[in-house]
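Only one structure is covered here, and it is reproduced in the block below.
Protein chains get the first letters and strands the later ones, always in sequence-line order, with residue 1 at the start of each.
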There are 2 protein chains.
Amino acid sequence: MSTCQQCIIKQFNALRALGKDDLIRLSGCKTSKYITKGEVLFREGESINGVYCIKDGICKLTKLSANGKDQIVKLVVTGDLLGQRSLVSDEKSNLTAIAVNDMEVCFIPKREILHDLTRNASFSLDMLQEMAKELRIADNIIVDMAQKSVRQRLADLLLYLHTTFDVDEGGFLSVILSREDYANLVGTATESAIRILSQFKKEGLISTTGKQIKVVDFDGLKRVE
Amino acid sequence: MSTCQQCIIKQFNALRALGKDDLIRLSGCKTSKYITKGEVLFREGESINGVYCIKDGICKLTKLSANGKDQIVKLVVTGDLLGQRSLVSDEKSNLTAIAVNDMEVCFIPKREILHDLTRNASFSLDMLQEMAKELRIADNIIVDMAQKSVRQRLADLLLYLHTTFDVDEGGFLSVILSREDYANLVGTATESAIRILSQFKKEGLISTTGKQIKVVDFDGLKRVE
DNA sequence: CTTAAAACATGACAAATATCATATATTTTA
DNA sequence: TAAAATATATGATATTTGTCATGTTTTAAG
């Protein structure tokens, strides 16, 4: 079994701020878990009681809106922590986490993280910085949701997926999402998302083969309005 | 000149976690400032280099979207801190702050706050908790922006203003906003906001006298769809 | 007080998006 | 493999929202 100390994943999140002794302690009480595509890691309203460190895979954080539709609030990827927000504010989870592809995660109990947060200022400062970054991103999404058209938001999403998750040998986006996921990410009806993706294809901005999507004209997508 | 130690405002934000000595130190280097309605406290892209503690008044945090419209991301009120996010992540401000009514604020330089953040774990944990709360609120706003109609968002806003800022003797909302502000808060055209407010009035959900608005049927507004 | 400017209001119309219906393709299950 | 379930696609239409035009009211300035 691998230890947190050896694990390179910690470089990508606040755990990097911990020293050798703390990492050894975490290793001793962490559990690891494999989740297959589509499985639920935790649900809105549940107590998480710890933090997940994503060793591999991608998951979507969704919230059920009043009208019964799921909104995907963000995608969380390899290297990210999951559940810090609920842990810090001592609340049940505000969001549901569902695996977008097969995942490997480590679970670290709340008590251990709190131990470090209260004693290790550089760890809590690092976590504070991460959360500040998330907050800026969330504010920007609010503005985009409020002011941009569905067409623009969908173009932005494709650009985001292209730059953030990279592409495979064929140039296709390496994250495979359903059309419904696309709709739930930009906040529109599934039919609208499908329709606009078809338009993008006709306009030569993207090409598609089943669920696989390739960004053909990056700058063209940027200019969409 | 009043000291931070005596100031009751600190009860409402992370400064409550500081001890006597730290508060005395802050008092020594803080500056206070009066801002009149409509004045800009800081702009998007500026370095704030500190934190504002709002002693009195309300201000709106806006961001200019790609299409040239201002979106109000949140209202910040008496007791809140302003600028922590930029300070913590060491970035220029992502938002513009404009006074909605006359304000009194105290400015505390970055260096002093950082001093406490790196040394005082309970202070940085408290700030972390505040930011976690803000992040949950932001996530919920994203869902509402994406999934609710303009009519619902405007009804929600009236309910929020009613419960958060209370009402005057006549039952009118104590925050006076222009119709344009209402539009920029819910992310719609000014004409649309005006039109829907007129509808609410006809439907007996609110009553208005000039800029003053009174929530008449709270539960009715809740049921708006 | 009078005039100019800004804010508010509303109609008419255009554009964007949602909804419903239906068809086809793809995946899963038996 | 066949059948069922699910996902994708697209047309027709309704609804929501934005834009432009115009008039009225309120506020600010001289």
TODO: Write out all pairs satisfying ring-ring contact (aromatic ring centres under 6.0 Å, His included) with one or both partners inside residues 69-95 of chain B, taking only residues at least two apart or from two chains.
DONE: none
TODO: Report yes if at least one side-chain N or O of B:Lys148 is closer than 4.0 Å to OP1 or OP2 of D:dT17; otherwise report no.
DONE: no
Any side-chain donor near an acceptor of the partner, [X] and [Y], under 3.5 Å:
X	Y	answer
A:Gln147	B:Gln71	yes
B:Ser207	B:Lys214	no
B:Ser47	B:Asn49	no
A:Thr36	A:Glu39	yes
B:Arg153	B:Ser149	no

Open item on the list: Within residues 169-184 of chain A, which residues have any heavy atom lying less than 4.0 Å from an atom of DNA chain C?
Closed with: none
What integer distance in Å separates [X]:[atom1] from [N]:[atom2]?
X	N	atom1	atom2	answer
B:Glu225	D:dT15	CD	C1'	14 Å
A:Asn67	C:dT17	CG	P	17 Å
B:Lys37	D:dT27	NZ	C1'	10 Å
A:Met145	D:dT17	CE	P	16 Å
B:Ile206	C:dC8	CD1	P	13 Å
A:Gln147	D:dT17	CD	P	14 Å
B:Arg151	D:dT17	CZ	C1'	13 Å

Open item on the list: So if I apply the side-chain contact (heavy atoms from CB on, under 4.5 Å) rule between B:Leu61 and each of B:Leu41, B:Thr96, B:Leu82, which one comes out positive?
Closed with: B:Leu82
TODO: Identify, residue by residue, the members of residues 187-203 of chain B with a heavy atom below 4.0 Å from DNA chain D, and return them in order of residue number, or none.
DONE: B:Thr188, B:Ala189, B:Glu191, B:Ser192, B:Arg195
When you compare the side chain of [Y] with that of [X], does any pair of heavy atoms fall below 4.5 Å?
X	Y	value
B:Ile108	B:Leu15	yes
A:Leu154	A:Tyr182	yes
A:Leu64	A:Glu44	yes

Task: Partner set under side-chain hydrogen bond (donor to acceptor under 3.5 Å, both in side chains) for B:Tyr34, not counting sequence neighbours - done: B:Glu104
Task: Relative orientation of the end axes in the helix from C:dC1-D:dG30 to C:dA30-D:dT1, expressed as an angle to the nearest 10° (five pairs per end) - done: 50°
List every contact pair, protein side and nucleotides 26-30 of chain C side both N or O, where the distance is under 3.5 Å.
none

Task: Greater than 12 external heavy atoms within 6.0 Å of B:Gln11's CD - done: yes
Task: A:Glu91 and B:Arg136 ion-paired at < 4.0 Å - done: yes
